[in-house]
Structures are given as C-alpha cells and as structure tokens.
Amino acid sequence: MDVSVTMWGLTIIGLCALIAVDFFIGGRKPHEVSIKEAGIWTGVWVALAGLFGLGLLVFAGGQPSGEFFAGFITEKSLSVDNLFVFVLIMAKFAVPTIYQQRVLMVGVLIALVLRAVFIAAGAAIVSTFAWVFYIFGAFLIWTAWKLIQEARADEEEEEFEENRLLKAVEKRFPSTDRYHDTKLFIVENGKRLMTPMLIVMLAIGTTDVLFALDSIPAIFGLTQDPYIVFTANAFALMGLRQLYFLIGGLLRKLVHLSYGLSIILGFIGVKLVLHALHESGVHVPEISIPVSLGVICAVLAVTTATSLYASKKKALAEAGSGEDRARDKDSVDV
C-alpha cells in the first residue's frame, strides 16, 4: 500500500490525539480503575481499531484491511501474554493500586516508541533481504516450541527478573525506596533521587520490547506493509492499559493461552517459510490473509473456551476436595 508522508503524519497526529484524550479523561488523576471503566475504554479502543480497519477497506481495499485485522488480532492476543509479566512487575515493585494505570500508560508509550524503531528496522531489512523471511519463520517456529515447553513445565512460582538496562539505571542513579505520588524524581537532603515510579515505568516499557522480538516477526508474516504493521501495533498496545484492569482476574484462568499462542506463532512461521520459498522461485502454496485471519480467530476462540472449562473444572475439584477434608476433620473430632 502506497502511503504518503502526509498520511503518515496525519496518522501519527491522530494517534497522539487519541492518547491525549485517553490521558486527560481517564488517566490524568490517579485512581483505582473499576471494571466498568476498564470495560468502557477497552470497548472504545477496539471500536476505534475496527473503524480504522473499515477505513482501510473503503479507501485502500480488502487486502490491506484484512492484513490490518489479522495483525491487530495477533498483536492483541500476544499482548495478553504480556499482562502476566506486567502483573509480576507490579508485584515486585509493590506499585500502589491508584498509581498502576499511570505506570502502564507511560510504560506502554515507551514500548510504542521503541517498537516503532523495531518496525522501521524490520521493514528496511525485509525490503532489502528477502531471505530474512527464512530467519523470521524459523525463529517463530522455535518460539512456538519454546512456549509449549514452558506451558508443559507449568511453573507455579514465577518471578520478574530485571533486565540489564534496569540494573544499569539502578546502579548509576541513586533512588529512593518509596513512592512520592506520581513524581519521577525528588530532591532529598539536597540530592536528586529517582523514585520507584520511574523504575517501574522503564521496566514495563523495556520488558515489552522483549516481547516485540516475537510479535514483530509475527506481524511481518501477515503483512510487509510498514504502515499496517505500525498501526496494528499501535492500536493493540494503546488499549493494553485498560485490558490489564479488565481481565486481570481472568489471567490465571487462561491456562491454555500459551498453547494457543504457540499454534498461532507456529502457523505464521510456516507461512513465512512458504512465502520465502515462493520468493525464491519455488512453486509452493501461499497462505492467504482470509485463511490466516480465520485460523487465528479459531485458535483464540478454542483456547479461551478450553481454558475457562479447565479452570472451572479445577475449581470444582478443589471445592470438592475441600469439602471432603472438612468432613474428615469433623468425623475425627467426633
């Protein structure tokens, strides 16, 4: 899709305006986010993404629109997996509930800027070296296998490990050990100190970049258009803050999410390899965008259904065993 510099500029200005509206209406004053508020804003961001995709359909055609929706759904589903890590980060830094939305907002903005750099670099590499699709495809297939292995391991106790950037920041810059509202720096005894608020924001933003190592190759497997890659990532990320509060309680119930994501990443990896072979002159079938969109939606629907069923079955089993233990205790007391 041929996108002019003017269109790029208008798109970025429009996204910045939406972020500003989100901040001044819902995120300016620190407060605990209710399920109702999170649900409304999640619906708003999903609706805006839908309108953008329909706009592409009207002005650019079915192919770009289909690529956007496939990319948006993929990025959104992968971002849900990020929320598990965000929960760990919030717990490690003991972020007060009223400040969590501010942390997520700034952290997501940092992630969006860093992802834009990744996307620009990826687009330049893809346009210059066609063989990079082999690497992207192999990497996604390997990542899919790794996700399955991690899901099978079923690690109960997970801890967030700080990356090198965070360790370097904490080592070089003196910091305080408690929060001071939403301030990033304070002056104490004539010395400028960094607050945990800034550290946790950096943790959210830089940790998301690690997830981009999976998601950016994945969306390039669905479209090679930098404009669609960027906008799909932007809409997926910008609603992540509200999604965190909306489904925070449901995250632990999505027990099969890793399996679903592994299937999606493996599928896109195979699609990339087939595309690379096709570009090399090998006559192989290519997977169309409608098929990709159908597979992604079907996998997510089945994964969600089986996860909720398994979680409900486990809860009933635990409740039953709890009643049995209570009865056994009563009989012993008698």
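From a predicted model like this one, the values you see are computed outputs, not experimental measurements.
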Report task. Output all residues satisfying side chain to side chain contact (heavy atoms under 4.5 Å, CB included) with I186, sequence neighbours left out; order by chain, then residue number. Result -> T176, H180, K183, E188, L193, T195
Query - Partners meeting side chain to side chain contact (heavy atoms under 4.5 Å, CB included) with V187 (sequence neighbours left out) - result: none
Query raised in the report: Looking at side-chain heavy atoms only, is the closest gap between L184 and M201 below 4.5 Å?
Result: yes
Report task. Hey, could you give me the CD/CZ distance between E75 and F68, rounded to the nearest 0.5 Å? Result -> 10.5 Å
Query raised in the report: What pairs meet the side chain to side chain donor-acceptor pair (under 3.5 Å) rule with one or both residues in residues 49-70, with sequence neighbours excluded?
Result: Q63-E67, E67-T223
Report task. With side-chain contact (heavy atoms from CB on, under 4.5 Å) as the test, would you mind laying out the steps for I268 and S292 before giving the verdict? Result -> CA-CA 8 Å; I268 297 176; S292 299; over 6 Å; no
**Report entry** Residues L140, F267; criterion side-chain contact (heavy atoms from CB on, under 4.5 Å); working and verdict
**Finding:** CA-CA 9 Å; L140 289 180; F267 170 77; over 6 Å; no
Query raised in the report: Which of these, T306, T304, T303, sits in a side chain to side chain donor-acceptor pair (under 3.5 Å) with H256?
Result: T306
Query raised in the report: What distance separates I199 CD1 from M197 CE, expressed to the nearest 0.5 Å?
Result: 11.0 Å
Query - Same cluster (ILVMFWY, side-chain, under 4.5 Å), L48 and Y244 - result: yes
Report summary line: Between L222 and the options T74, I73, L272, the side-chain contact (heavy atoms from CB on, under 4.5 Å) test singles out T74
**Report entry** Trace of the side-chain contact (heavy atoms from CB on, under 4.5 Å) decision for L15 with F230
**Finding:** CA-CA 11 Å; L15 292 174; F230 174 74; 3.7 Å; yes
Query raised in the report: Is there side-chain contact between I141 and V270, with at least one heavy-atom pair below 4.5 Å?
Result: yes
Query - Separation between CD1 of I287 and CG of L274, rounded to the nearest 0.5 Å - result: 5.5 Å
Query raised in the report: So how far is it from W45 CH2 to F72 CZ, rounded to the nearest 0.5 Å?
Result: 10.5 Å
Query raised in the report: Relative to the ring of F235, is the ring of F52 parallel (under 30°), tilted (30 to 60°) or perpendicular (over 60°)?
Result: tilted
Query raised in the report: Do the ring planes of Y227 and W8 sit parallel (below 30°), tilted (30 to 60°) or perpendicular (above 60°)?
Result: perpendicular
Query raised in the report: Stepwise, does the side-chain contact (heavy atoms from CB on, under 4.5 Å) test hold for K76 with L243?
Result: CA-CA 10 Å; K76 200 70 174 177; L243 195 63; 4.1 Å; yes
